[in-house]
**Student:** 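Provided herewith is a single structure, encoded as structure tokens, for subsequent inquiry.
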Amino acid sequence: MTIRVIIVDDQAMVRAGFAALLSAQADIDVVGEAPDGRQGVQVARTVHPDVVLMDVRMPEMDGLTAARELLSPPPGVVHRPKVLMLTTFDIDDYVYEALRAGASGFLLKDAPPADLIAAVRVVASGDALLAPSVTRRLIADFVQQRPAPRKDPALRLNGLTPRETEVLELIARGLSNQEIAGHLVLAEQTVKTHIGRVLAKLDLRDRAQAVIFAYEAGLVRPGDAD
């Protein structure tokens with residue numbers, strides 16, 4: 001199945017470069033682009049992409065606001081694409097808020113071309129782009145600034161079984177499904193089943209939100225995932 005992508009970035013050269021790279025892949029089709037968040041939302045609502053590559057800093061409407069509009073659409077709008085944020089290290093606070101809003105991850109704008117292609121495929125498949133350890137440190141750093149775990153997430157942990165809680169903790173520590181399976185001596189398919197139940201019970205969209213939830217609930221403390 002072809003992955004439909006739109007590119008939202010205020011730099012025309014960036015849009016053109018990303019579009020050329022992605023369009024050259026047999027399984028990816030660039031179906032639109034926009035120079036700011038507001039137009040990006042309009043294009044997404046028109047062409048219904050699978051993945052939106054969203055720059056963070058843009059005029060008119062920034063990427064964070066646009067991501068929120070796409071991931072929490074108004075009544076009557078049923079399409080919700082996956083959102084992959086494009087960013088640099090100096091705006092990590094925006095990335096954290098984007099992940100909380102439901103973005104599926106982030107990618108540095110100067111990442112190698114192969115990383116961009118792989119990121120689009122990972123996000124389109126329903127997974128979150130959380131492999132780099134910097135992502136886990138990013139989330140930990142921002143949660144560390146909070147005075148205490150939020151009560152609501154901590155209470156919601158009560159709905160998980162002990163095994164599901166273990167799986168959630170290992171997700172937050174940055175382990176892959178294969179690593180979790182090895183750690184708990186389970187089949188990888190069993191791990192996937194547990195993850196699905198965790199996401200459903202906690203009403204979370206993907207692993208990115210699961211990691212943030214685990215930190216905010218106090219299940220994992222800053223520094224644990226390093």
Side-chain angles (χ1 to χ4, degrees), residues 2-23 25 28-111 113 115-130 132 134-135 138-139 141-142 204-209 211-213:
T2 302
I3 303 169
R4 294 165 57 82
V5 177
I6 69 169
I7 302 165
V8 185
D9 193 293
D10 62 337
Q11 298 181 47
M13 289 292 289
V14 171
R15 297 198 306 274
F18 284 1
L21 177 65
L22 294 173
S23 295
Q25 310 307 308
I28 300 175
D29 187 12
V30 177
V31 296
E33 61 178 64
D36 61 66
R38 191 177 308 283
Q39 292 186 53
V41 171
Q42 293 172 351
V43 172
R45 297 244 168 96
T46 300
V47 301
H48 295 173
D50 301 304
V51 177
V52 177
L53 289 178
M54 182 78 74
D55 189 19
V56 173
R57 285 182 173 170
M58 293 180 290
E60 297 297 326
M61 178 186 288
D62 63 33
L64 175 56
T65 303
R68 284 176 175 149
E69 289 207 11
L70 289 174
L71 297 168
S72 298
V77 177
V78 296
H79 179 255
R80 291 204 311 174
K82 302 294 193 306
V83 176
L84 179 61
M85 304 301 296
L86 301 171
T87 186
T88 55
F89 281 118
D90 64 341
I91 43 178
D92 286 343
D93 52 337
Y94 287 97
V95 176
Y96 174 74
E97 291 301 329
L99 290 174
R100 288 194 65 197
S104 295
F106 77 94
L107 185 72
L108 298 179
K109 294 182 75 170
D110 60 355
D115 287 2
L116 172 64
I117 297 167
V120 168
R121 290 172 176 154
V122 166
V123 170
S125 72
D127 208 345
L129 197 68
L130 283 177
V134 65
T135 308
L138 164 73
I139 296 171
D141 287 345
F142 278 89
L204 302 173
R205 181 174 174 132
D206 55 28
R207 293 173 85 102
Q209 288 193 322
V211 171
I212 291 173
F213 179 94

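One is the number of the first residue; the rest follow in order along the sequence. None of these values were measured; they are calculated from a predicted model. All values below were derived from every heavy atom in this structure, side-chain atoms included, with hydrogens, water molecules and symmetry-related copies excluded.
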**Student:** Taking all non-hydrogen atoms of both residues, which atom of D50 and which atom of T2 are closest, and how far apart?
**Tutor:** OD2-O, 3.6 Å

**Student:** Grab the two heavy atoms, one from D55 and one from L86, that are nearest each other, plus how far apart they are.
**Tutor:** OD1-O, 3.4 Å

**Student:** When you compare the side chain of P49 with that of H79, does any pair of heavy atoms fall below 4.5 Å?
**Tutor:** yes

**Student:** Looking at residues at least two apart in the chain, or sitting in another chain, which of them share a side chain to side chain contact (heavy atoms under 4.5 Å, CB included) with L21?
**Tutor:** P113, L116, I117

**Student:** For M58 versus G37, what's the shortest heavy-atom pair and its separation?
**Tutor:** CE-N, 3.6 Å

**Student:** State, to 0.1 Å, how close P59 and P35 come at their nearest heavy-atom pair, and which atoms those are.
**Tutor:** CD-O, 4.2 Å

**Student:** Which residue pairs pass the side-chain hydrogen bond (donor to acceptor under 3.5 Å, both in side chains) test with at least one member in residues 39-48, sequence neighbours excluded?
**Tutor:** D36-Q39

**Student:** Could you pull out the closest heavy-atom pair between A103 and L71, with the gap in Å?
**Tutor:** N-CD1, 3.3 Å

**Student:** Without placing hydrogens or testing angles, list every side-chain donor-acceptor pair under 3.5 Å for residues 3-20, not counting sequence neighbours.
**Tutor:**
residue	atom	partner	partner atom	Å
R4	NH2	V47	O	2.5
D9	OD1	Q11	N	2.8
D9	OD2	K109	NZ	2.9
R15	NE	E33	OE2	3.0
R15	NH1	D9	O	2.6

**Student:** Of all residues at least two apart in sequence or in a different chain, which pass the side-chain hydrogen bond (donor to acceptor under 3.5 Å, both in side chains) check with D62?
**Tutor:** T65

**Student:** How long is the gap from CG on L84 to CE on M54, to the nearest 0.5 Å?
**Tutor:** 10.5 Å

**Student:** Under the rule for salt bridge (Lys or Arg N to Asp or Glu O under 4.0 Å), what residues qualify as partners of R80, not counting sequence neighbours?
**Tutor:** none

**Student:** Does the side chain of L70 come within less than 4.5 Å of V41's, by heavy atoms?
**Tutor:** yes

**Student:** Please list all pairs meeting salt bridge (charged side-chain N to carboxylate O under 4.0 Å, His left out) that have one or both residues in residues 63-72, counting only residues at least two apart or in different chains.
**Tutor:** R68-E97

**Student:** What's the separation between atom CG in D29 and atom OG in S23, rounded to the nearest 0.5 Å?
**Tutor:** 6.5 Å

